[in-house]
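One structure is given below, encoded as structure tokens.
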Amino acid sequence: MKRYDHKAVEKKWQAAWERQGLYTTPDDAKGKRENFYLLTEFPYPSGNLHVGHWYAFSVPDIFARYMRMHGKNVLYPIGFDAFGLPAENAAIKNKLNPREWTYGNIERMREQIRSMGASFDWSREVVTCDPEYYRWTQWLFLQFFNKGLAYRKMTPANWCPSCRTVLANEQVENGRCERCKTEVVQKEMLQWNLRITDYADRLHDDLEKLDWPEPIKEAQRAWIGRSEGAVLEFQIAGAGESKKSAAHAQKVAQTVEVFTTRPDTLFGATYLVLAPEHPFLESVRQKAEGTGNIENWEEVEKYITLARKKTELERQEGREKTGVELRGIRAVHPATGEEMPVWVADYVLAQYGTGAIMAVPAHDERDYAFAKKFNLPVRRVIEPVFYGDTGEGAVRPGLPFVKREAICAVVRNPKDDTYLCNVWKGIEMRGLLTGGLDGGEDKVQAALREIREETGYTDVRLVSDPGWIINTFFYHRQKKENRWARFHILFFELESEEKEAVSEEEEAKYEFVWKRMDELRDFYTVYEGAFVATLLENPDYVFTGNGILGNSGTFDEMNSEEAKRVITERYGRPQKTYRLRDWLVSRQRYWGVPIPVIHCHECGMVPVPEELLPVVLPPVEEYLPDGEGKSPLAKVKEWYAVPCPECDGPAERETDTLDTFVDSSWYFLRYTDPKNEKEFAARKRQEKWMPVDLYSGGAEHTTMHLLYSRFWHKALFDLGLVGESEPYARRMNRSLIMGPDGQKMSKSRGNVVDPDEVVERLGADTVRMYLAFIGPYNEVSTYPWNPDGVVGVRRFLERVWKHGQEVVRRGQESVPELEGVLHKTIKKVGEDIAAQKFNTAISQLMIFLNATEKAGTVGTPQWRTFLKLLAPFAPHMAEELWQALGADGSVHLESWPAFEERYMRDERVTLAVQINGKVRAEIELDTDAPQEKAERAAREAVAERLEGKRVLRTIVVQNRLVNFVTED
RNA sequence: GCCGGAGUGGCGGAAUGGCAGACGCGCGCGACUCAAAAUCGCGUCUCGCAAGAGGUGAGGGUUCGAGUCCCUCCUCCGGCACCA
């Protein structure tokens with residue numbers, strides 16, 4: 001018998017497929033029903049393929065092959081994301097040329113990727129550092145530039161001192177460079193940006209219609225961070241009144257705009273806070289130099305300088321609030337006209353909203369912490385609301401609410417540190433002592449009276465009135481009316497336990513008990529009880545929810561939602577704000593796409609004319625940037641010194657290069673028309689394939705590549721260059737393959753699995769299939785590489801091989817007893833591949849093989865079918881065994897087999913017989929046997945156990961079980 | 001802190017509300033062998049000699065029946081986080 005020599009088999013078929021051009025994908029294929037675009041993120045040519053690449057490329061290849069067998073014309077392309085820092089760093093370290101390093105790596109990786117036997121169409125390969133590719137990256141960039149979507153601006157940028165370049169926001173993780181983990185510093189620099197923020201709304205809203213996993217959408221929404229609120233305007237008093245010069249006064253801003261998502265809390269604003277970078281301060285500074293009308297300017301300036309020097313990381317450290325008041329000026333409350341202090345503090349971020357806030361310490365935890373530290377006033381203006389069943393009953397719709405002022409007395413007994421609790425007799429209601437206000441009474445009088453009447457305690461002292469009011473809406477059963485009770489919470493203490501008699505009427509209604517603070521939360525059943533428990537547990541509790549307005553002048557009794565609308569309208573305007581910032585795309589590095597813009601002393605920024613594209617990277621002596629914020633290209637005078645395309649005067653090329661995420665924002669479009677010399681991709685070609693049907697890739701790209709390319713595509717759509725506003729119809733994130741120890745593979749840990757070595761030893765089919773078997777591909781998780789597990793898959797393939805040889809040696813008719821499993825296998829494998837559950841598909845293939853082994857034989861037609869099912873997983877072996885049977889074409893050109901419905905059900909089925917849900921016996925019946933028959937057989941099977949018991953109910957689930965429910 | 005996702009044997013994992021642990025790994029026993037490897041066969045959730053009982057992160061609930069549905073909590077992973 002021929003031994004399974006994976007090397008010979010794999011080499012043979014890889015060469016044959018290549019020769020036949022089996023995977024060269026036409027834009028239209030005769031006989032194929034539809035085009036299908038399966039995309040997987042193209043690799044960076046690091047020089048070596050790792051297991052992750054295998055997982056990324058060879059497993060989706062199963063799906064590609066499956067779709068082809070279903071008559072789809074599948075585009076499964078590959079290329080290289082070839083610009084980027086590692087090439088330069090390697091070049092600097094080893095005195096190489098980044099171009100040579102990169103192309104050498106690509107050469108090696110092509111061979112490694114070919115060894116997978118993946119069905120990539122190499123004729124469409126795309127390499128982003130080819131001038132023929134980046135020519136179009138430049139061209140597209142210029143379309144953005146002409147539309148005003150690409151702009152250059154002086155902004156604070158994230159500077160990585162180690163990489164010596166600026167980074168986009170997305171490339172900073174916890175204040176560190178995503179690449180080298182160096183702490184990023186803020187540097188004011190002139191940089192190129194793309195207006196991704198213009199697309200924030202659409203990037204957010206269009207997620208809804210995408211067939212993407214919800215967690216990915218959520219992560220993008222969080223990154224975009226849209227919040228809806230209002231911009232409110234505050235007049236500044238004192239700032240404009242110049243003592244010396246009226247002319248100066250004009251320069252000083254008279255108002256400050258704040259952004260808030262809670263305009264309903266306007267009356268709770270007790271001070272204003274500006275970010276240290278707020279432009280108002282700059283105008284004040286100019287003013288202050290002349291007049292000194294900020295009394296403590298020196299102190300303020302010192303604070304600003306200090307804050308600006310801090311890194312993001314330092315600002316966040318400890319989160320201890322710092323700040324300085326601007327003495328000499330006041331903000332005027334737009335509604336009350338009251339004057340309030342203005343502060344500068346770095347807990348307010350310059351880049352978000354308007355860089356200024358109205359502080360509402362009563363309803364914002366950060367403002368509260370600040371106010372507490374600096375002793376600023378706290379004014380409570382939102383009263384919590386509890387709707388629904390308080391124990392009395394849920395509100396009846398349609399009935400008007402009868403409003404009542406009431407008190408809620410929290411009485412503490414200092415002797416044993418317990419609190420008075422009220423149990424309503426006869427109903428399941430436990431809470432605090434409450435009661436209504438009688439006419440003419442104030443709330444303290446009312447509370448003292450209620451305490452005396454209900455409990456008899458007479459020697460009670462008011463400790464504090466925290467000003468909390470909570471609104472409870474409920475149905476009053478006795479009065480048969482909807483109630484709106486406004487409970488004023490008051491804190492009392494017993495001076496002594498002196499008591500007087502309580503009326504019988506009260507006695508019948510209530511019972512009073514004393515509970516420790518830690519028992520309250522579980523004890524109370526009413527809303528106000530839980531709320532009071534919260535207040536007692538946390539004296540610094542800040543209520544940040546919506547509610548009903550109080551202390552808010554004419555807005556009192558309005559609810560938050562309505563008040564937001566009305567106050568926004570009256571004192572400001574609605575405003576949406578985003579966390580997302582514009583995409584900073586310029587890099588001070590060599591190995592990237594040169595930004596195709598020329599700076600002319602006369603004409604300003606001039607785009608490089610189309611016919612002069614591409615602007616090719618020149619050779620340089622030194623790849624390491626000087627670290628002063630200039631790219632190495634700035635040293636190549638013969639390259640950057642050019643005549644202005646417009647006036648022919650002296651001009652200079654832009655010397656920054658583009659972020660590599662720009663290159664990867666459109667590579668999938670180039671795959672549709674990779675050789676086009678006239679366009680980045682002809683619209684007609686695009687339309688054959690776009691949008692991408694399924695995009696498989698790594699989770700790390702959720703808020704980087706995936707967001708960038710969505711934006712890029714939308715911009716192209718608006719420019720009329722593509723036909724759809726979303727590039728990827730469906731997206732799937734891939735899991736991570738870990739080392740055998742379950743840890744992330746790393747050289748330092750010594751747990752790196754080298755796929756080349758495993759392929760050499762066990763073969764590509766084994767590696768592919770093992771990776772597909774390791775866990776579901778449609779879920780994101782981490783899977784450890786198990787060296788024994790790979791061997792297990794190899795064992796399976798060897799058994800397949802053995803049977804294959806056997807079938808070749810003596811073919812035979814189909815074996816009837818195998819038909820059932822075979823057809824079930826066709827169904828299961830097909831469905832599981834479609835759902836990307838390759839692991840269970842493989843397990844079903846194993847089940848079939850186990851069955852043939854048990855049967856001791858298999859029919860040739862049955863075996864052929866099995867080989868078709870195996871083909872996507874182990875393409876080489878399937879092809880070898882297929883052609884050994886004398887087939888005249890590739891198994892990969894076969895159609896996916898169809899299963900016959902009649903084999904889906906067996907003749908006989910085993911049912912479980914349960915008594916009260918516990919399995920007591922098993923019975924075998926004809927499939928779909930009638931209920932009565934099943935019940936009879938079941939009853940017989942457990943007759944002994946049922947003896948003397950009354951069967952209350954019998955549940956029969958067809959073909960599954962019979963359950964007898966008996967007494968006790 | 002907020003928003004997602006997940007917790008099932010020794011391990012990877014499987015289970016339309018219907019016999020938990022498919023398939024694979026590992027392990028144990030056996031066959032073959034002088035022996036070992038490879039291969040093949042049988043076994044393998046826990047306790048128990050057995051009958052049986054228990055078991056899917058913990059605790060409640062719904063149901064004849066819950067890994068699966070609902071509530072509370074715990075742990076791990078991912079995202080966001082002084083974003084007003």
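The figures here come from the full heavy-atom set of this structure, side chains too, leaving out hydrogens, waters and symmetry mates.
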Checking all strands, does [X] fall into the base, sugar-phosphate, or nothing category for heavy-atom contacts under 4.0 angstrom?
{"X": "A:Tyr783", "result": "sugar-phosphate"}
{"X": "A:Asn786", "result": "sugar-phosphate"}
{"X": "A:Leu961", "result": "base"}
{"X": "A:Arg920", "result": "sugar-phosphate"}
{"X": "A:Arg799", "result": "sugar-phosphate"}
{"X": "A:Arg221", "result": "nothing"}
{"X": "A:Gly353", "result": "nothing"}

From the set [options], return the single nucleotide nearest to any side-chain atom of [X].
{"X": "A:Glu218", "options": "B:C64, B:A14, B:C3", "answer": "B:C3"}
{"X": "A:Ile774", "options": "B:G12, B:A84, B:A14", "answer": "B:G12"}
{"X": "A:Ile847", "options": "B:C23, B:G65, B:A84", "answer": "B:C23"}
{"X": "A:Gln914", "options": "B:G18, B:A22, B:C25", "answer": "B:G18"}

- Query: Would you call A:Lys802 and A:Glu853 a salt bridge, taking side-chain N to carboxylate O under 4.0 Å as the test?
  - Reply: no
Does OP1 or OP2 of [N] have a side-chain N or O of [X] closer than 4.0 Å?
{"X": "A:Tyr347", "N": "B:A84", "result": "no"}
{"X": "A:Arg953", "N": "B:C64", "result": "yes"}
{"X": "A:Thr782", "N": "B:C76", "result": "no"}
{"X": "A:Arg960", "N": "B:C64", "result": "no"}
{"X": "A:Thr840", "N": "B:C23", "result": "no"}

- Message: Quick one about A:Arg799 and A:Asn850 (side-chain donor to acceptor, distance below 3.5 Å, no hydrogens or angles considered), yes or no?
- Response: yes
- Message: Regarding B:C25, can its base be found pairing with the side chain of A:Asp788 as donor and acceptor, where the two atoms are less than 3.5 Å apart?
- Response: no
